[in-house]
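Working notes, structure below.
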Amino acid sequence: MQKFSAFALAKEALSGQKGWTRQWRDAAPKPAYEAIIVGGGGHGLGTAYYLAKKHGLRNIAVLEKGWIGGGNTGRNTTIIRSNYLFDESAALYDHSVKLWEGLSADLNYNVMFSQRGVMMLSHNVHDEQVFKRHVHANRLNGVDNEWLSPDQAKSFCPPLNIAPGMRHAVTGAALQRRAGTARHDAVAWGYARAADALGVDIIQNCEVTGIDRDASGRVSGVQTSRGAIATRRLGIVAAGNTSVLMAMAGQRMPLESYPLQALVSEPIKPIFPCVVMSNTIHAYISQSDKGELVIGAGTDAYISYSQRGALHISSHTLEAICELFPMFRRMRMLRNWGGIVDVTPDRSPIIAKTEVPGLYVNCGWGTGGFKATPGSADLFAYTMAKDEPHKINAPFNLERFGAGRLIDEAAAAAVAH
Amino acid sequence: MTQKYRLATGGLIDRRVTVPFTFDGKAMTGHAGDTLASALLANGVHLVGRSFKYHRPRGIVSAGAEEPNALVGVGRDEGHYTPNLRATQVELYHGLRAESQNRTPSLERDVGSITDRLWRFFPAGFYYKTFMWPKGAWTKFFEPRIRAIAGLGRSPAAPDAARYAQIYAHCDVLVIGAGPAGLSAALAAAETGARVILCDEQPQFGGALLAEPGQSAWLAEQRARLAGFANITMLPRTIAFGYFPHNMIGLAQDLTDHQGETSDDAPRGRLWQVRAKQVITATGAIERPLVFPDNDRPGIMLADAARTYVERYAVKPGNRAVVFTAHDDAYRAAVSLHEAGVTIAAIVDLRESPEGPCLDAARAAGLPIRTHATIIGTEGNLRVAAVSVATIGAANAERIACDLVLMSGGFTPSVHLFSQSRGKLAFDPALDAFIPGTPAEPTIAAGAASGCQSLEAAIASGRAAGLSATGQAVAAPVAETVAAGFLGEVPHGRDPASVRAFVDFQNDVTAKDITLALAEGFRSIEHVKRYTTTGMATDQGKTSNMNALGIVSKSLGVPIPSIGTTTFRMPYTPIPFGYFAGYARGDLFEPVRETPIHAWAAEQGAVFEDVSLWKRARYFPRGAETMHEAVARECAAVRAGVGLFDASTLGKIEITGPDAAEFLNRMYVNAWTKLKPGRLRYGILLREDGFIIDDGVVGRIADDRFHVTTTTGGAARVLNMMEDYLQTEFTDLKVWLTSTTEQYAVIAVQGPRAREVIAPLVEDADISAAAMPHMSVVECRVAGVPARLFRVSFTGELGFEINVPADYGRAVWEAIDQAGQTHGIVPYGTETMHVLRAEKGYIIVGQETDGTATPDDVGLTWAIGKAKPDFVGKRALARTALASQTDRKQLVGLLTADPAEVLEEGAHLVADPAQPIPMTMLGHVTSSYWSAALNRSIALAMVRNGRARIGETLHVPLPGRSVAVTLTDPVFYDPEGARLDG
Ligand SMILES: Cc1cc2nc3c(=O)[nH]c(=O)nc-3n(C[C@H](O)[C@H](O)[C@H](O)COP(=O)(O)OP(=O)(O)OC[C@H]3O[C@@H](n4cnc5c(N)ncnc54)[C@H](O)[C@@H]3O)c2cc1C
């Protein structure tokens, strides 16, 4: 792999940028692979990378129906945090945050992980009870999260309106300082480049249309828009399309797919230093390196595969943003888009083996899986390589729904991202 | 400054009205009818901004919404300031204040332009390749510096002073764009009597014809005809920005921005949500720049824009121009400028032997034409000063001095809205552009937006669209030959490594950046866009996308249609957040809900808390009492005498119909069939997964009528859930649901003397203990008002809840308060209610439960109707983890070793306070209060296997210390329930 560095940039500057090579090969499908990952999002590409890097597999393909990173990976608002309530979730997401902290160096790709802090606003007694419960639980789990008074919240985020007379006045906030954002595209490309360097075939414009199984029921390969490909180890990492793919192996998934939207303003000079989320009034906001205000809205009320959300959903979010940050009311919406998120009954993901031998699934990240990309990929690679879950992802199995052993972060906190 | 570049005659400006304005503090004037851009040009100002990445000096490129460069901040003060406005869209008004952006300290000298001198070090995507070391340096060091250079304008510093309006509308035909095609379409549709809405972003209707003085008579005639139709709603200054499913279009109408510094009483703008039977997009076409080395200097603009400045605004955009083109239309611009007194130094045409009437006209005017030629470079720092022109393929170039360069690569139909509607685009090889193909909604494209280039064709296609939208027969389209133009980087023969030919002006993306992205393996057009940022600026690629596609196509040898386009997303042009938020601000943002008793409580000095959208009285302090003191007093009063509580916020649903009881059987865990009219029961509602979602007391008013109460926050959710089941699962049941939350005021009278207080006010009912036991309901009159009187208690004392029509709520409340005076009645708030119920171990859904608790977890197994075949959540309760797991969290009471210590809600419990982190958490404190009745602190907690641990000691670790607690039964007060039967 060509090494990226300031030195390399300087060298290329002086030689007309002629020395840069492809970041990943445009691979054509081979007849068979040791392992196939379906879905070229961050989670899928990362899985291939860790399978090759940590588990010594070499003959791996990632099949992507469009362009890599074009699913939710390239559409999300990139909030990364790990101050989840339950032990299982805190362990999972903090595993990820720790990997984020070294990811740019590991991949030799600047994924721009920016630990600018994520602040969740409390607006009433109930919010306060919920967030304090998180702060206490996180402390005992070794995850940073602190309680701020409204004044402290304002000094951490000066544009915040903490006027007591305001509708839904801010009564405090929970702040995770290690939390932040990253550059979504760079995550997909960085993993793709590093995986490619380890021999992984990244095959774009290759849609999986069927899953083959042998007489014993074990996975034996896939049908794709570019022909049949054999494999005995198949990992499905397809976010909003997971149910469709799993149905190809006769598996009915506990998933519903919803449109989720986000929007950005025109770029402005730095004004917003962190990420702010308010669950009570359904809004969250940060500022990108380019200067755009990045604003996330809620899911639509109805299931759908259309990658656009309803106007009243984004309007409601803007109402809330304008109340919290009244000087942004004249800022202008530049672009609004949607992605399809796969939601489980307990809003926690599935990183698991399935009842079909050789078939593994990583899904259910819903509205908040970007933050988990490195951790999820690492654990899924482990699960596929060893044919058994790592202890961190063991609770995130499929059986929990049948058994009722849910990890219901949404019910506990009703926080979406 | 005088308007040196203003022409003496012509144009649509009003020379009688001189309009003063300032740009970067410099005073200038323009005329009514000017845009800020035309006024600046009239004053000879081309340099108006700095680009995003290299901070290159930039001028005005276009005359419309596609403007990539001329971005300014406008506003009289911070409350009216908007950054990043396109000067080409800002209508000039008296006293307008505009400032340039993205430059320090001034537009002429900008320290940020250091990146321009070092441009070789900043190719596309450079930031992905460095700043990775040392760990943490990105957040602390590099990122803040990159951010400071990026961004364009600045945020307003004060809250927006303006107001916004919103409206919904329906019509038969919505015509977007009032150029010749749109006008013809609207008229054709209106003739049939159809209800038509016609909108256009410009202040006047006419579109491209506003810059065609030769067509003014035709235009005037069409406008006059429009005025004659009462069934046409005309919306000038209105941008159609979004195409939503089922032919819903979002329009943003400017109401006062153009009027200048007016009062804020009138709304600034209005968001329209129009549902149209048919939509006609007559949105025109956008001219493409040519991509040649240093094509970005101030003074280099689109040919049609230059012509528009001359013809519509009567402004000469320069003195000596070179025209660079691959399309006949630029010859019309050359002739216009020539006639306006601009010297045309050369017309440089990429084509080998162009012919046609436009060329003939140019030749007739004696303009020098060089065909098969190209511009290989330009000079000038803050303004273009010269270009180098060469025959394609030849080595030697001719330097031509000029202060203006016009460019035209041809026209791109504006398919944005059509594409947003999910219609399929078709590639037209004759045009070298995408045009609307198969629609996904009832929508028709007309005029230049559909690929027409001549006026006759546009008018005919508009008329055809109007007729076909209203179901009329349509004549065959007018045949015309269209011309394509040029896509991609022009041939210039220079070393590609050392020149910059800009594709995306605002984001500083060059042709070389695109080829670099391709070389690095970014092949999908979406990847090229994201890696280089081409098309991602505030103009969303209106002038750059097709050229980027052209470069990709040529480099990869793949035809454009197989590359495809990036996705078009709303909004077409940026729209202020305020339009979307509309009326919902301040008091109208999630309007506060107040109970009928609210004003009374406020008069008594109550302190309120927010509970969902409601304001609820939290406590009623007397004198200087703290909350703690007030609550202790209120609690004592209820336990010893009587208290008055406003429970009106409880959700209420009237369930009626012959199958009402069966419906409740299926929804709630409880059994309802045997509940007699006149009786109450505490109901528990589960989600399908077996966890408690809501609870409340349900009264059977008659065989076929139930009065259901829900939690305050759950009212809407429960009604939705019930409707959902009724309409999708239980379609066999005859049941009707009505929300009655706001129909009733609910007055709780609680305490041993409750009956004595209300008895004298009750008519038509016997409320004696014998006649009206705990958990019964009677319809009667209270204080002369019809009431549903519940005997029910959430305090553990004898209690009543009186439901009266909301309008009488305050009167009845006051009557009871009056009657209670001799009994020492006190009003109490939610905080006291919480303490009293916690003393009794009564749960609050959402506080003790969090969406992961089953009835058994909170000790409510007794409520489940065991014999019922089914209810929502029943199957889930049988799942292994729920039925047989031994370490589920269960509701218990906690007593601290120190009775004065009140635990913090949300704190967790552990067995070993010395365990290193991560600690094993056994549960958490859900409620914690000072109990006046017990004269000590009490708490409720959910603890793993809690019921079996009663009597054990656990620990609550807090920062720096730990509190020992003993687990107890959750009922702290009157465990036998004797007081209920007072
Ligand atoms: C608007 C929005 C905002 C969000 N904000 C946040 C946030 O702030 N923080 C956060 O942590 N998370 C957020 N998320 C969620 C996050 O984006 C996702 O959870 C995460 O990116 C999922 O990554 P993935 O790799 O699993 O899926 P994806 O990136 O969606 O990748 C799945 C891939 O599978 C491919 N595929 C599907 N079917 C097939 C097939 N048959 N054959 C081949 N390939 C196929 C798709 O094309 C796609 O590329 C947000 C999501 C959205 C939509």
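All chains are named by letter (A, B, ...) in the order of the sequence lines, taking the proteins before the strands, and each is independently numbered beginning at 1.
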So which part of A:His123 gets closer than 4.5 Å to some heavy atom of chain B, the side chain, the backbone, both or neither?
backbone
Looking at A:Asn141 and B:Pro918, would you say the former's side chain and the latter's main chain have a donor-acceptor pair under 3.5 Å?
no
Heavy-atom cut-off 4.5 Å, strictly under: side chain, backbone, both or neither for A:Ile295 against chain B?
side chain
Most chain A-contacting option - heavy-atom pairs closer than 4.5 Å, from B:Pro959, B:Pro957, B:Ala519:
B:Pro959
Once you round to the nearest 0.5 Å, how far does CD of B:Gln166 lie from OG of A:Ser315?
6.5 Å
Rounded to the nearest 0.5 Å, the CZ atom of A:Arg167 sits from the CZ atom of B:Phe589 at a distance of 8.0 Å
When rounded to the nearest 0.5 Å, the distance separating CG of A:Asp346 from CZ of B:Phe691 is 9.0 Å
Name the member of B:Glu905, B:Glu904, B:Lys135 that forms the most heavy-atom pairs with chain A at distances under 4.5 Å.
B:Glu904
So which of B:Gly586, B:Pro916, B:Gly250 has the biggest tally of heavy-atom pairs under 4.5 Å with chain A?
B:Gly586
Which residue out of B:Val592, B:Leu516, B:Asp495, B:Ile146 racks up the most heavy-atom pairs below 4.5 Å with chain A?
B:Val592
Per-residue contact mode, A:Phe325 against chain B (heavy atom under 4.5 angstrom):
neither
Winner by heavy-atom pair count (cut-off under 4.5 Å) against chain B, out of A:Arg405, A:Glu266, A:Gln307
A:Glu266
Would you mind telling me which of B:Lys512, B:Glu590, B:Arg154 has the largest number of heavy-atom pairs within less than 4.5 Å of chain A?
B:Glu590
Heavy-atom contact with chain B under 4.5 Å, split by part of A:Ala192:
neither
Residue part contacting chain A, namely of B:Gln273, when any heavy atom lies under 4.5 Å:
side chain
Side-chain contact, heavy-atom cut-off 4.5 Å: B:His924 with A:Gln129?
no
Between B:Arg585, B:Arg888, B:Met919, the one whose heavy-atom pairs under 4.5 Å with chain A are most numerous
B:Arg585
Report which part of A:Leu334 has an atom under 4.5 Å of a heavy atom belonging to chain B: side chain, backbone, both, or neither.
both
Do any N or O atoms from the side chain of A:Gln17 and from the backbone of B:Arg120 form a donor-acceptor pair under 3.5 angstrom?
yes
State, yes or no, whether a side-chain contact exists between A:Gln23 and B:Phe522 at a heavy-atom distance under 4.5 Å.
yes
